[in-house]
Number of protein chains: 2
Amino acid sequence: MRRDIFQAIADPTRRAIIALIAIQAMTPNAIAEQFDTSRQAVSKHLKVLHECEVLKQEQKGREIFYSLELEKMKELDNWLDQFRKIWESRFDNLDAYLAKIQKERKNDK
Amino acid sequence: MRRDIFQAIADPTRRAIIALIAIQAMTPNAIAEQFDTSRQAVSKHLKVLHECEVLKQEQKGREIFYSLELEKMKELDNWLDQFRKIWESRFDNLDAYLAKIQKERKNDK
DNA sequence: AATATAAGCAACCGTTTGGTTTCGCAAATG
DNA sequence: CATTTGCGAAACCAAACGGTTGCTTATATT
C-alpha cells in the first residue's frame, strides 16, 4: 500500500476534503454532509489522509476534529520546484525573444 | 477512467518518467532502460501520461520522442495556490508574533 | 439507567491499476 | 526482399481502490 501525498491527492473527493479542512477543522460527520457519499466512505478517505499525514486529529469528547497538515502540502510544492526552474528558464528565453523582436521593430521604424 | 494530472503523478514510476523527460525528449526504449520494468509497462505509463496531456509525442521515423507538457505542471501549481495563501498568512502571523516578543524583550532591558 | 449520537472497524463487492506475455505492424537495415 | 528493431494493442492476472452494509465502542443526553 503506497501512502504518500501524491496518492492522497489522486482522489477528487480527498482533494475536496483537503480544501474544506484547510479553512477550518471539521468532524467526520460535518465533512460527510458536504458529499453525496456515506459517512463511512468519507471516514475511509480521512483514514488514508491521516496515514499520509496530510491531516491531523484532535479529539474533543466524542468528536474528532480533522485539520490540515500544511507541511505535507509543502512537500508537493517542493517536488514542483524542479519544473518551476524549467518553466522559468523558458520564460526567460521568451523574455529574451520578446526583447529581441522589440528591438528589431524599433530598427524598422 | 479518471485522467488528470493528479492521477498521472500518483504513481512513482510515472513521476520518475516525468522528471526524466523534463530534461530532454526521450523514446520509450530509452526511458524503459532506466527502470526495472518491461518496455510494455513503461509504454502503458506513457499512454496514461499522454492521455492526461502531461506528455506530448513527436514521431521521427519509427521512433517516438516524448517530452513534457509544462502547462500541465502549472495546473498542479495553480491548485497549490489555495494552500500557499494559507501558509503565507501563517508565516505572516509568525512574523508578527516574533516582532511582538522582540519588542517585549527590548522593554525588559 | 436507557437511549441517542459520533466515529472507527471489518467483511464484502465491482472496478481500476500496474504488471506480464503475446502478437501485429511499420520503419530501418543487411 | 528477408530480417531486425521500435513501438503500440490485446488478453490476462493479482492486488489495490472506493464504495456499501453491519457491528462495536465510547461519549452525551434524557
Side-chain angles (χ1 to χ4, degrees), chain A residues 1-21 24-69 72 76 79, chain B residues 1-21 24-69 72 76 79:
Chain A
M1 230 178 307
R2 235 180 312 125
R3 284 287 118 112
D4 54 37
I5 344 117
F6 298 100
Q7 194 247 347
I9 65 166
D11 182 84
T13 304
R14 281 201 290 269
R15 286 200 299 280
I17 291 176
I18 292 174
L20 256 182
I21 290 233
Q24 58 174 341
M26 288 174 84
T27 66
N29 269 324
I31 296 164
E33 277 174 21
Q34 308 292 319
F35 299 96
D36 280 337
T37 54
S38 66
R39 182 188 58 79
Q40 281 86 345
V42 169
S43 215
K44 270 196 170 186
H45 285 305
L46 290 173
K47 194 187 175 196
V48 171
L49 290 168
H50 189 242
E51 281 172 4
C52 298
E53 297 175 299
V54 172
L55 256 60
K56 54 189 171 196
Q57 309 177 323
E58 200 186 341
Q59 187 107 27
K60 276 192 182 168
R62 69 181 163 184
E63 290 178 316
I64 298 175
F65 286 84
Y66 285 91
S67 59
L68 190 61
E69 194 71 77
K72 278 288 157 181
L76 232 186
W79 182 76
Chain B
M1 232 179 302
R2 235 181 310 124
R3 285 287 118 111
D4 54 38
I5 344 117
F6 299 101
Q7 194 247 347
I9 65 167
D11 182 84
T13 305
R14 280 202 290 270
R15 286 199 300 279
I17 292 175
I18 292 174
L20 257 182
I21 290 233
Q24 58 174 340
M26 288 175 84
T27 66
N29 269 321
I31 297 164
E33 276 173 22
Q34 308 291 320
F35 300 96
D36 279 338
T37 54
S38 65
R39 181 189 59 78
Q40 282 85 346
V42 169
S43 214
K44 269 196 172 187
H45 284 306
L46 291 174
K47 193 186 174 193
V48 171
L49 290 169
H50 190 241
E51 281 172 3
C52 298
E53 298 175 297
V54 171
L55 256 59
K56 54 190 169 195
Q57 309 177 322
E58 198 186 341
Q59 187 106 25
K60 275 190 183 170
R62 68 180 165 185
E63 290 179 316
I64 299 174
F65 287 86
Y66 285 91
S67 59
L68 189 62
E69 193 71 78
K72 278 288 157 179
L76 232 188
W79 183 75

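Within every chain, numbering begins at 1; the chains are lettered A, B, ... in the order of the sequence lines, protein sequences first and strands thereafter. Worth saying up front: this structure is predicted, and the values here are computed from it rather than measured.
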Asker: Taking atom CG of A:Leu20 and atom CZ of A:Phe35, what is their separation to the nearest 0.5 Å?
Answerer: 5.0 Å
Asker: Measure the distance from CZ on A:Arg15 to P on D:dC17 and round it to the nearest whole Å.
Answerer: 16 Å
Asker: For the atom pair CD (A:Glu53) and NZ (A:Lys72), what is the distance rounded to the nearest 0.5 Å?
Answerer: 5.0 Å
Asker: Just grab all the side chain to side chain donor-acceptor pair (under 3.5 Å) pairs involving residues 24-41 of chain A, residues at least two apart or on different chains.
Answerer: none
Asker: On a heavy-atom basis, which atom in B:Val42 and which in B:Ile31 lie closest, and how many Å separate them?
Answerer: CG1-CG2, 3.8 Å
Asker: Do any side-chain atoms of residues 6-19 of chain A form donor-acceptor pairs under 3.5 angstrom with protein atoms, and if so which ones, sequence neighbours left out?
Answerer:
unit_1, atom_1, unit_2, atom_2, d
A:Asp11, OD2, A:Thr13, N, 2.9
A:Asp11, OD2, A:Arg14, N, 3.1
A:Arg14, NE, A:Ala8, O, 2.8
A:Arg14, NH1, A:His45, ND1, 3.1
A:Arg14, NH2, A:Gln7, O, 3.2
A:Arg15, NH1, A:Ile9, O, 2.7
A:Arg15, NH1, A:Ala10, O, 3.3

Asker: Is any side-chain N or O of A:Thr37 closer than 4.0 Å to OP1 or OP2 of D:dG19?
Answerer: no
Asker: Check DNA chain D against residues 24-33 of chain B and give the residues with a non-hydrogen atom under 4.0 Å, in numerical order.
Answerer: B:Thr27, B:Pro28, B:Asn29
Asker: Nearest-Å distance, CG (A:Leu49) to P (D:dC17)?
Answerer: 13 Å
Asker: Below 3.5 Å between N/O atoms, which protein atoms pair up with nucleotides 21-25 of chain D? Just atom names and distances, please.
Answerer:
unit_1, atom_1, unit_2, atom_2, d
D:dG22, O6, A:Gln40, NE2, 3.0

Asker: OP1 or OP2 of D:dC17 less than 4.0 angstrom from a side-chain nitrogen or oxygen of A:Arg3, does that happen here?
Answerer: yes
Asker: Quick one: is C:dG19 close enough that its OP1 or OP2 comes under 4.0 Å of any side-chain N or O from B:His45?
Answerer: yes
Asker: Grab the NZ-P distance between B:Lys44 and D:dA10 for me, whole Å please.
Answerer: 11 Å
Asker: Regarding D:dG8, can its base be found pairing with the side chain of B:Lys47 as donor and acceptor, where the two atoms are less than 3.5 Å apart?
Answerer: no
Asker: Can you measure B:Gln7 atom CD to C:dT16 atom P for me and round it to whole angstrom units?
Answerer: 11 Å
Asker: Got a list of side-chain donor-acceptor pairs under 3.5 Å for residues 58-66 of chain A, not counting sequence neighbours?
Answerer:
unit_1, atom_1, unit_2, atom_2, d
A:Gln59, NE2, A:Gly61, O, 3.3
A:Tyr66, OH, A:Gln57, NE2, 2.9

Asker: Between residues 52-66 of chain B and DNA chain C, which residues have a heavy-atom gap below 4.0 Å?
Answerer: B:Gly61, B:Arg62
Asker: How long is the line joining CG of A:Leu46 and P of C:dC9, in whole Å?
Answerer: 12 Å
Asker: Using heavy-atom distances to pick each residue's nearest nucleotide on DNA chain D, tell me which of B:Ser43 and A:Asp36 is more 5'.
Answerer: B:Ser43
Asker: Rounded to the nearest 0.5 Å, how far does CE of B:Met26 lie from CG of B:Leu55?
Answerer: 11.5 Å
Asker: Rounded to the nearest 0.5 Å, what separates atom OG in A:Ser67 from atom NZ in A:Lys56?
Answerer: 5.0 Å
